[in-house]
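Working notes, beginning with the structure itself.
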Amino acid sequence: MNDNKRTRFPNRAEWLVTAPSFLWLALFFAVPAVIVLAFTFHGHDASGGVGEWSLSTWRELVDPDYPAIVWNTLRISFEVTLWSIVLAVPCAYAIARMSPKWRSIVAGSIMLPFWTSFVVRVFAWKTMLHPDGWLQACYLVFLRVREWLFGWLPAFLQKALVLLGVASSGPVDPATSTILDSEAAVVLVSVYTFLPFAIMPIYTAAEKFDFSLLEAARDLGAKNFYAFRKIFIPGIRQGLVSAVLMVFIPAIGSYVIPQMLGGTDCVLIGNKIFMRAIQNRNIPHASALATLMAVSVLIPIGLSMWWKKRQDSRDRRRLEEQTARLMTSSMEGGVQ
Amino acid sequence: MDSNGEFLVFDHVTKRFGALTAVNDVSFSVGKGEFFSLLGPSGCGKTTLLRMLGGFERPDSGRIYLEGKDITDLAPNQRRVHTVFQNYALFPTMTIWDNIAFSLRLAKKPKAEIEERVDAMLAMIQMSEHAWKYPNQLSGGQKQRVAIARALVDRPQVLLLDEPLAALDLKLRQHMLLELDTIHDQVGITFLYVTHDQGEAMSLSDRIAVINKGKVEQLDGPAKIYEAPATRFVASFIGDTNFFSGEIVSTEGDYCTIEGEGFPAIRAYNDKQLKVGQKVDLSVRPEKIRVTLQPPPPEKGASINVYPSTVQDIVYQGVYTKYWIKSGDQRVAALKPHSRFLLDQEPITWNDEVFVWWHPDDGYMVEAQ
Ligand SMILES: Nc1ncnc2c1ncn2[C@@H]1O[C@H](COP(=O)(O)OP(=O)(O)O)[C@@H](O)[C@H]1O
Ligand SMILES: [Mg+2]
């Protein structure tokens, strides 16, 4: 139990081993982050340079478009993460249960797409999402089902559902409702892109999972799905957490997919940053947006850490209470 | 126990894995509340038998009945049969308390009842103060006890134990043996215990089925299995023994004389009334053989087996000293316990000419296959 208690000060050899990666992080992560933050407190000049110290950039950030864009970015990233995890868990489970030979074949083929350029793959999707394609037909069916599901609801509820991205804003029109240049295309291709990043950590956790635990659960009376939910899912929690981070963080920063497949319908904060930095040549403004984005990533992480802490202290309290209860009851038992 | 002799029945059960027949036409029945052991070497099909009872394997043929009900095709969660797995299989993400409460929660028992029963179980295994630890914070013996409590808490019809003590060290194993015995007496549930360790099976079981290559070789009480093995395999697997292979050359009343290659005639008790000409394997346990420098005293009777021999090896084993003795062409093992009285005798050393002797009743014959 004590072996996970490390000494606070590592010895020299440990320092030497960790120093390079530490330096790397400091040089290419910490320093640029500070520079970006510093830029936000500068103005910009017409030639695309960084101007004097000023708060003008933060004042400019009060753009009526931004809240909606930040909300859309978070919402779409959440959707992409959710779908990636929902698809990745059964995949990882299935791969972990295969024979070692098949495991490496399938795990390898999941990585196969990375051998081709990301941009080329997104272009390929552009072809697949063409209005004459079968995906367009599927999309129309999807829209119609959605309309049928939510169309009868009162207007304010519909508005809320549109805000949540569950319902579509306008009526379905086969001529204009194309999957290309839609939010659906962005979510679909993002899930396609990030799925391997979700599968891999979950698979790594699932591979270490002791599947005889599922048998033990069934032996004690659990149905298959119950055992999966109560034993397998908690058992791979570490993998799930990394998978969520591996998908959510790049999804929030993605701009190539919305740029190429989202049209005017789906502009995310990544696209805005790109626009400000490259087209408007306003580096401080782009930096401020990037900072905003980083903060919006850190908030959920901070929240989840706070939640876990709360959960832990609650567990500890429960433990103390229950131990006290057990002690008194065993004392009573002793008297009899 | 007789009236309940049919509590759990294996009826001509066979299980194949490809070309391998892991369980071959096995039939036996277990009484209610009995402590029943399946004993056999590794790979003989014990686990497969348990897994069929647990519902994790389907027999290729044959049926399994529990309290008169055919359970052969039921899913694991549909039978009230719980297993203590060899690696314990405790749920690592749950506390000890939650591990034990698992089956009761599944059965949607009222909260008060769950608490009462889990606490009672924890008290029984003397782990109340560990209730809120996680499995990886426990020692092997503690995990073992939790696994047993978890499987017993909702009072299954049968408790299956698959080599539950194999991972423990010797001292702990002996302690857990006593504890298992106590638990069995307390709960009165039928225990089906799988082991390759004859010592465990002997000390715990009401009855033992000795299994070899997927077949039951003998089903009897521990003493019967040790003293009257049904086959050569049983005699050699349970304890240590000397084998003499030969043929019955004459019978006289309850006794017979055996002759074989490499050793002189041996008299043996012929309880099965085997006929002259029958090929037999005679098993004589080492602890039943005496080794002395002098011939046996005449009052031991003229009918005992006595062979002048040479000591080849002496191995001190603590409780006993083991002598390897060359008798004719046969190497015979004999055990001698230590005591102060032995020191008064002239000690036996290597290459001594000695007499090896035993009573005909101490040999046990099985028909040669
Ligand atoms: N799922 C399986 N697939 C193939 N062969 C198996 C399987 N399970 C067990 N066996 C084989 O069946 C035989 C009996 O196995 P088992 O019942 O585990 O033996 P024991 O528990 O007595 O050591 C062994 O030879 C084993 O290799
Ligand atoms: Mg086994």
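Throughout, a chain's letter reflects where its sequence line sits, starting with A, and its residues are numbered from 1.
More than 12 non-hydrogen atoms from other residues, nucleotides or ligands lie less than 6.0 angstrom from OH of A:Tyr226. The number of heavy atoms from other shown groups lying within 6.0 Å of CZ (A:Arg229) is above 12. When the shell of 6.0 Å around CZ of A:Phe228 is examined, it contains more than 12 heavy atoms from other residues, nucleotides or ligands. Dense packing is recorded around NZ of B:Lys143, with more than 12 heavy atoms of other residues, nucleotides or ligands lying under 6.0 Å away. Around the CZ atom of B:Arg63, the shell of radius 6.0 Å holds more than 12 heavy atoms that belong to other residues, nucleotides or ligands. By the 6.0 Å contact criterion, CZ on A:Phe114 is enclosed, its count of non-hydrogen atoms from other residues, nucleotides or ligands being greater than 12.
Of the inter-residue distances, the one linking B:Ile100 atom CD1 with A:Leu220 atom CG reads 11.0 Å to the nearest 0.5 angstrom.
Near-neighbour residues of residues 187-194 of chain A relative to chain B, defined by a heavy atom under 4.5 Å from a heavy atom of that chain, are none. Among residues 145-153 of chain B, the residues having any heavy atom closer than 4.5 Å to a heavy atom of chain A are, in sequence order, B:Arg150, B:Ala151.
Judged as a ring-ring contact (aromatic ring centres under 6.0 Å, His included), the pairs with a partner in residues 37-93 of chain B (not counting sequence neighbours) are, in order, B:Phe91-B:Phe102.
Looking at B:Leu160, neither its backbone nor its side chain comes within 4.5 Å of chain A, counting heavy atoms on both sides. For A:Ala217, the parts lying near chain B are the backbone and the side chain together; criterion is any non-hydrogen pair under 4.5 Å.
Residues A:Leu213 and B:Pro92 form a side-chain contact, since some pair of their non-hydrogen atoms from C-beta on lies under 4.5 Å apart. Contact annotation: the side chain of B:Asn77 never approaches that of A:Asn224 to less than 4.5 Å [non-hydrogen atoms, C-beta and beyond].
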List the atom pairs, with distances to 0.1 Å, where a side-chain N or O of residues 104-112 of chain B and a protein N or O form a donor-acceptor pair under 3.5 Å, not counting sequence neighbours.
unit_1	atom_1	unit_2	atom_2	d
B:Arg105	NH1	B:Asp98	OD1	3.0
B:Arg105	NH2	B:Asp98	OD1	3.3

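When all heavy atoms of B:Arg51 and A:Glu215 are compared, the pair lying nearest together is NH1-OE1, 2.9 Å.
Although no hydrogens or angles enter the test, the distance criterion places a donor-acceptor pair under 3.5 Å between the side chain of A:Asp219 and the main chain of B:Thr83.
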